[in-house]
Amino acid sequence: MRPLLFVVFISLLMCVFTHGKKGNVLVLIGDDAGFETAIYNNSVCQTPGLNYLARRSIIFENAFTSVSSCSPSRSAILSGLPQHQNGMYGLHNTVHHFNSFTELKSLPLILQKAGIKTGIVGKKNVGPEAVYPFDFEVTEEQMSINQIARNITLMKDKASEFLSKIKSE
Ligand SMILES: *[C@@H]1O[C@H](CO)[C@@H](O)[C@H](O)[C@H]1NC(C)=O
Ligand SMILES: *[C@@H]1O[C@H](CO)[C@@H](O)[C@H](O)[C@H]1NC(C)=O
């Protein structure tokens with residue numbers, strides 16, 4: 001249960017940045033990240049950046065996922081629908097090549113239609129691309145998963161890049 005809870009915690013890191021009238025949305029998804037943060041009362045790992053974000057956020061202490069699997073759980077985060085409604089029954093990558101239904105109205109699509117800038121940093125690995133378009137993407141499709149989804153320093157840098165980009169637009 002705990003790793004699954006974390007998936008939902010991470011989804012709450014969908015931060016709404018209000019540089020414009022409408023705000024902007026950045027999704028940060030770590031890969032194989034657990035509860036090793038001070039936010040979840042871990043006393044060993046020092047996570048000042050996440051703590052700062054958490055102080056201005058809602059922390060979910062109880063949350064559920066519709067499936068304990070990689071791409072399907074992220075498709076639920078990004079669509080608000082369980083797998084039998086969004087089509088992502090299995091893993092998206094390599095030989096698995098599962099995809100969501102082409103007519104799915106995902107979160108990034110709905111936000112894009114509303115003129116809200118969207119970014120995703122970390123693990124994405126859902127498809128098809130046209131169903132999950134973000135204005136700013138730095139994901140494991142572009143670089144090693146050990147860097148973008150498991151290197152919190154790099155994720156922080158890319159989150160800053162997103163913020164600078166939308167600020168200058
Ligand atoms: C962390 O510990 C505090 C104090 O015991 C508690 O109120 C809080 O619910 C805990 N947070 C989580 C996420 O478990
Ligand atoms: C994580 O990313 C930072 C920033 O790009 C880099 O300096 C660092 O070497 C990376 N850490 C690892 C373990 O690769």
Side-chain angles (χ1 to χ4, degrees), residues 1-19 23-83 91-96 107-108 111 116-127 129 132-169:
M1 180 61 76
R2 293 228 124 199
L4 308 182
L5 288 183
F6 190 71
V7 168
V8 181
F9 161 70
I10 278 298
S11 75
L12 84 88
L13 293 184
M14 287 189 214
C15 318
V16 178
F17 295 101
T18 49
H19 289 301
N24 306 286
V25 173
L26 173 63
V27 184
L28 299 166
I29 302 185
D31 187 65
D32 289 340
F35 282 83
E36 298 82 13
T37 70
I39 303 152
Y40 284 101
N41 293 336
N42 184 300
S43 57
V44 177
C45 299
Q46 304 295 306
T47 52
L50 287 177
N51 301 354
Y52 176 75
L53 191 56
R55 282 196 292 276
R56 307 158 67 199
S57 306
I58 297 167
I59 310 297
F60 291 102
E61 292 183 15
N62 294 290
F64 303 90
T65 182
S66 59
V67 65
S68 57
S69 176
C70 202
S71 306
S73 63
R74 283 189 306 282
S75 72
I77 291 171
L78 295 176
S79 70
L81 296 170
Q83 292 62 51
L91 302 180
H92 176 65
N93 66 336
T94 61
V95 294
H96 312 288
L107 175 74
L111 294 173
I116 291 169
K117 292 279 178 222
T118 58
I120 186 165
V121 171
K123 187 137 186 180
K124 186 182 177 199
N125 209 3
V126 289
E129 191 54 42
Y132 298 103
F134 284 83
D135 299 309
F136 179 91
E137 290 194 19
V138 188
T139 67
E140 83 285 3
E141 277 93 350
Q142 293 145 282
M143 64 175 78
S144 149
I145 194 168
N146 283 330
Q147 286 307 320
I148 196 52
R150 294 179 180 158
N151 180 338
I152 204 161
T153 306
L154 184 61
M155 291 180 77
K156 179 206 71 177
D157 291 348
K158 294 300 168 185
S160 300
E161 205 176 301
F162 171 74
L163 295 178
S164 311
K165 187 170 176 264
I166 55 172
K167 216 170 176 176
S168 65
E169 279 176 2

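Just so you know, ligand 1 is whichever comes first in the structure, and atom 1 is the first atom listed for that ligand. As the structure is a computational prediction, the values presented were derived from the model and not from experiment.
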Chemist: For atom 14 (O) of ligand 2, find the nearest protein heavy atom and state the residue, atom name and distance (0.1 Å precision).
Modeler: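 The closest one turns out to be Q147 NE2, 2.7 Å.
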
Chemist: I'd like to know if the side chain of T139 pairs up with that of E141 as donor and acceptor (distance under 3.5 Å, no hydrogens or angles considered).
Modeler: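 Short answer, yes.
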
Chemist: Rounded to the nearest 0.5 Å, what's the gap from SG on C45 to CD1 on I39? Could you check?
Modeler: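 Those atoms lie 11.0 Å apart.
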
Chemist: Using a 4.0 Å cutoff against the non-hydrogen atoms of Y40, which atoms of ligand 1 qualify?
Modeler: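 Near Y40, meaning under 4.0 Å from one of its heavy atoms, ligand 1 has 13 (C).
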
Chemist: Suppose I only count heavy atoms of N41 and a 4.0 Å limit; which atoms of ligand 1 are within that range?
Modeler: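 Atoms satisfying the 4.0 Å criterion: 1 (C), 2 (O), 3 (C), 8 (C), 10 (C), 11 (N), 12 (C), 14 (O).
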
Chemist: Enter the distance from I145:CD1 to I148:CD1 here, rounded to the nearest 0.5 Å.
Modeler: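 Answer rounded to 0.5 Å: 10.5 Å.
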
Chemist: Would you indicate which of L154, N151, T153 comes nearest to atom 2 (O) of ligand 2 when only heavy atoms are counted?
Modeler: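 Ranked by closest heavy atom to atom 2 (O) of ligand 2, first place is N151.
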
Chemist: Taking side chain to side chain contact (heavy atoms under 4.5 Å, CB included) as the definition, give me every residue that meets it alongside E161, ordered by chain and number, with sequence neighbours left out.
Modeler: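 Expected list: F136, K158.
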
Chemist: So which atom in S73 and which in C70 form the shortest heavy-atom distance, rounded to 0.1 Å?
Modeler: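 Heavy atoms only, the tightest pair is OG-O, 2.9 Å.
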
Chemist: What atoms of ligand 1 come within less than 4.0 Å of a heavy atom belonging to E61?
Modeler: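 It comes down to these atoms of ligand 1: 8 (C), 9 (O), 11 (N), 12 (C), 13 (C).
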
Chemist: Any protein heavy atom at under 4.0 Å, with atom 7 (O) of ligand 2 as the reference point?
Modeler: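 Given the 4.0 Å limit, the answer for atom 7 (O) of ligand 2 is no, no protein heavy atom qualifies.
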
Chemist: With sequence neighbours left out, write down each residue that passes side chain to side chain contact (heavy atoms under 4.5 Å, CB included) with S71, or none if nothing qualifies.
Modeler: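 Scan of S71 (side chain to side chain contact (heavy atoms under 4.5 Å, CB included), adjacent residues dropped) gives R74, M88, L91, H92, N125, V126.
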
Chemist: How close does the nearest protein non-hydrogen atom get to atom 4 (C) of ligand 2, and which residue and atom is it?
Modeler: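 Closest protein heavy atom to atom 4 (C) of ligand 2: D157 OD2, 3.8 Å.
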
Chemist: Any atoms of ligand 1 less than 4.0 Å from a non-hydrogen atom of I39? List them with their elements.
Modeler: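 What qualifies from ligand 1 is 13 (C).
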
